[in-house]
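Note sheet for the following structure.
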Amino acid sequence: MKVNLKKDALQKALMKVSNIIPNRTTLPVLANVLLEAENGKLTLTTTDLELRITTTIDAEVEVPGVTTLPAKRLLGLVSKFKGENLMMESNDKHHTQICCGTANFMILGLTPEDFPVPVDFQPLRSIKLKQPDFARVLDRISYAVSIDDSRKVLQGILLSVKEGNMTAVATDGKRLALVEKLLEGTAEGADGDVIITIKVANEVKRILEKEGEVEMEIGEKQVVFRLNETVIYSKLIEGNYPNYRQVIPAGFNKNISVPTGDFVDALEIVSIPLSDASSSFVKITFTDNKLVFEANSNIGEGKEYINIEYADQEDISLSFNPQLLADPFKHIGVDSVIVKINDAFSPIALESGDGFLYVIMPMRNK
């Protein structure tokens, strides 16, 4: 194999595919990137056996061929090269010479025959979204995915398509984050639900760009995301997602508008005395056009308030884990949020007005 290409293009491609490379693996070839050169293209592929990422860049292919090279080592080298143009040439022992500017290196690779082959994939249906829209959906809910190994289905994100609407849901049993979005155009295939892993959600979100579309092809046990010149293959999480609609209250007594930025600032400052506490909560009180934040621990206590429109109503106080309360405000991306409350002991909801919903249960404290 011998190719000439732009250094920056190779660096960008390696950054897309190298993130899933495991730090330690019993299969040495999994630390390598598969390089395939033909027809004016260089295709790079990595896998950790759960995900498989492939991306393609333009190249001047003098000699077509296939080899593998240590992915992170190659990225480290390429990112330090000073020249604009790069040459790669590998021999039949998969030793690859790399030249760029004044730099000249020989890197030892592994035979591509050892690289895992892709699993056969048959798409049953597909969904198309604008890349920035899908990035926003994932960002608004992915923090709520469970890290508990005991409930595998909660370690992923539910994507449910019904009658032209997509609902994305994440929950860890303590809180629920949900986004509903009307799909532009018609989804191909039948409506249905799938659970994607948080790992592929994070990789897709990392690679999504500000323009273009993402096409999600869904198979029986796999999902494929197509993003311009990059394709990500992933296993689906098998099982039935819990009925998330049951935890959303049917109605609320109070709807209160809260400024997002002011809320986060106040919550963060009163949480400082709680940073080393073994168990912590922040009490918020809606009272006379103010939202008061209070926290205390063995190292101190604090109070802060922000101005809101809340007049001629009874005071109501609720306590929350500060991190679980802050998460949606940090990711919601709107100037104000509607806080929906029934009482101090029932679930509350946060709504953005554009399809986002967050439900959390107050803590019961003495």
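Below, all heavy atoms of this structure are taken into account, side chains as well, without hydrogens, waters or symmetry copies. Position 1 is the first residue of the sequence, and the numbers go up from there.
How far CG of Leu42 is from CG of Asn4: 11.0 Å, rounded to the nearest 0.5 Å. The CD1 atom of Ile341 sits 10.0 Å away from the CG atom of Asn253 when rounded to the nearest 0.5 Å. For the atom pair CG (Asp114) and CG (Asn32), the distance works out to 10.0 Å, reported to the nearest 0.5 Å. The distance from the CG atom of Asp265 to the CD atom of Glu304 is 9.0 Å, given to the nearest 0.5 Å.
Inspection of the Asn85 and Lys6 side chains reveals an N or O donor paired with an N or O acceptor under 3.5 Å. Side-chain contact annotation: Ser160 with Thr167, donor-acceptor N/O pair under 3.5 Å absent.
Surrounding OH of Tyr143 are more than 12 heavy atoms belonging to other residues, nucleotides or ligands, all under 6.0 Å away. With a 6.0 Å radius and a threshold of 12 heavy atoms from other residues, nucleotides or ligands, Lys16 has its NZ atom above the threshold. By the 6.0 Å contact criterion, NZ on Lys130 is open, its count of non-hydrogen atoms from other residues, nucleotides or ligands being 12 or less. Within a 6.0 Å radius of CG in Asp335, other residues, nucleotides and ligands contribute 12 heavy atoms or fewer. Heavy atoms of other residues, nucleotides or ligands lying less than 6.0 angstrom from CE of Met87 number more than 12.
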| field | Pair Glu180-Arg245, salt bridge (Lys or Arg N to Asp or Glu O under 4.0 Å): steps then yes or no | value | CA-CA 13 Å; Glu180 291 185 320; Arg245 298 286 182 186; 2.8 Å; yes
| said: As a quick check of understanding, evaluate side-chain contact (heavy atoms from CB on, under 4.5 Å) for Asp120 and Gln122, giving each step before the final call. | reply: CA-CA 7 Å; Asp120 288 338; Gln122 294 294 329; 5.7 Å; no
| task | For Leu86 and Leu10, run side-chain contact (heavy atoms from CB on, under 4.5 Å): C-alpha distance rounded to whole Å, both residues' side-chain angles, the deciding distance at 0.1 Å, then the answer. | result | CA-CA 9 Å; Leu86 183 145; Leu10 180 59; 3.9 Å; yes
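Using a 4.5 Å cut-off on side-chain heavy atoms (C-beta onward), Leu74 and Ile98 make contact. The shortest side-chain heavy-atom distance between Lys174 and Asn321 does not fall under the 4.5 Å cut-off. Two residues are said to be in side-chain contact when any heavy atoms from C-beta on lie closer than 4.5 Å; Arg140 and Ser352 meet this criterion. Residues Leu183 and Val161 meet the side-chain proximity criterion, which asks for heavy atoms closer than 4.5 Å.
A cation-pi arrangement is found for Lys290 relative to Tyr305, the charged atom lying closer than 6.0 Å to the ring centre and inside a 45° cone about the ring normal.
No donor-acceptor pair under 3.5 Å is formed between the side chain of Thr54 and the backbone N or O of Val231. No donor-acceptor pair under 3.5 Å is formed between the side chain of Gln155 and the backbone N or O of Ser146. Under the 3.5 Å distance criterion, the side-chain polar atoms of Asn289 are matched with a main-chain donor or acceptor of Tyr310. No side-chain donor-acceptor contact under 3.5 Å links Thr287 to the backbone of Asp315. The backbone N or O of Glu163 sits less than 3.5 Å from a side-chain atom of Asp191, completing a donor-acceptor pair. Not one N or O on the side chain of Arg175 forms a donor-acceptor pair closer than 3.5 Å with the backbone of Pro328.
Here Glu215 does not pair with Arg226 in a salt bridge; the nearest charged N to carboxylate O distance is not below 4.0 Å.
Classified by interplanar angle (parallel below 30°, tilted 30° to 60°, perpendicular above 60°), the ring pair Phe121/Tyr233 is perpendicular. Between Tyr244 and Tyr241, the ring-plane angle classifies as perpendicular under the 30° and 60° cut-offs.
When every heavy atom of Leu138 is checked against every heavy atom of Ala201, the shortest pair comes out as CD1-O, 3.6 Å.
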